[in-house]
Amino acid sequence: MKTVGIIGGSTDLATAEYYKLINATVREQLGGFHTGEIIINSMDLAKSVHYVHNELWDEGGAYLAGKAQSLERAGADFIIVVSNTWHRAADMFMKGIKIPLLHIADPTAAAIKAQGLTRVILLGTKATMGTPYLIDEFKARGVEVVVPTAEEQQFIDDVIFQELSFWQFKEESKNKYLEIIDRLVREEGAQGAILGCTEIPLLVKQEERPTIPFFDTLTLHAKAAALQAVADDAEKQ
């Protein structure tokens with residue numbers, strides 16, 4: 001089994017969900033008492049928020065580079081980052097690292113294309129929705145992305161940092177998120193929605209919009225990490 005190196009902490013809630021999902025998927029694949037071989041190095045969320053809100057990507061990238069280096073030294077076989085937003089600094093924090101990064105856009109784009117969809121909504125932090133990095137990553141994988149208005153982006157971002165990061169899940173916030181999704185499907189021709197912040201799937205659920213496919217990046221990424229970790233062992237069974 002390969003060892004998964006996780007850069008966690010953004011947020012602690014999402015990191016715990018990743019840990020549970022990776023272990024559950026490993027057990028599904030291998031059976032018995034099997035769980036994942038996992039190393040976690042968590043960032044301080046306060047530092048992450050400071051870097052993101054002040055657009056200090058170089059400083060944040062250097063901070064995450066230390067995490068990536070420590071995971072490599074500790075014996076990780078590949079790295080994942082518990083954050084859609086921080087993937088924009090991947091070139092910085094993976095510089096000089098010899099083990100690979102499992103990019104969050106890879107399993108997400110694969111799931112979208114598997115359903116025959118080509119145009120989807122991207123919800124996430126303001127840094128994710130309002131800058132081209134992740135949008136371009138999906139475009140390179142054959143998926144066109146539409147994003148909310150600037151005002152809607154601000155609301156989505158406020159909920160992430162002021163509510164979800166503190167484990168607060170408010171009905172009015174969920175309803176507003178769903179209204180934004182409905183509008184973009186109706187007006188922009190979106191066929192589904194990427195829940196592109198690792199906390200959003202804990203607020204809005206697929207059953208609330210059964211006709212609009214939701215792509216939960218947290219679940220897709222965690223399961224992909226588990227499958228990559230056990231690929232060699234699963235083949236032997």
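If you read the sequence from its start, that first residue is 1, and numbering goes on from there. Predicted model, so just to flag it, every value in this text is computed and none were measured.
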For D106, check side chain to side chain contact (heavy atoms under 4.5 Å, CB included) against everything at least two apart and list the hits.
H103, R141
Restricting to side chain to side chain donor-acceptor pair (under 3.5 Å), what partner residues turn up for [X], sequence neighbours left out?
| X | value |
| --- | --- |
| R119 | E144 |
| S42 | none |
| E172 | none |
| S173 | E163 |

Listed once per pair and sorted, the salt bridge (Lys or Arg N to Asp or Glu O under 4.0 Å) pairs that draw on residues 49-74, sequence neighbours left out:
none
Taking only residues two or more places apart in sequence, or in another chain, which ones meet [X] in a ring pair (Phe, Tyr, Trp, His ring centres under 6.0 Å)?
| X | result |
| --- | --- |
| F214 | none |
| Y63 | Y51 |
| H53 | F161 |

Could you walk me through whether V82 and I6 satisfy the side chain to side chain contact (heavy atoms under 4.5 Å, CB included) test, starting with their C-alpha distance in whole Å, then the side-chain angles of each, then the deciding distance to 0.1 Å, before giving a yes or no?
CA-CA 7 Å; V82 178; I6 301 177; 3.4 Å; yes
Verdict with supporting geometry, I121 and I181, side chain to side chain contact (heavy atoms under 4.5 Å, CB included)
CA-CA 7 Å; I121 301 159; I181 291 169; 4.0 Å; yes
Exam field: side chain N54 to backbone H50, donor-acceptor pair closer than 3.5 Å:
yes
Sorted by chain and residue number, the salt bridge (charged side-chain N to carboxylate O under 4.0 Å, His left out) partners of E171 (sequence neighbours excluded) come out as K174
Can you list the residues that meet the salt bridge (charged side-chain N to carboxylate O under 4.0 Å, His left out) rule with K2, with sequence neighbours excluded?
D232
Sequence neighbours excluded and cut-off under 3.5 Å, please list the side-chain donor-acceptor pairs for residues 219-229, or say none.
unit_1 : atom_1 : unit_2 : atom_2 : d
T219   : OG1    : D216   : OD2    : 2.6
H221   : ND1    : Y18    : OH     : 2.8
H221   : NE2    : L102   : O      : 2.8

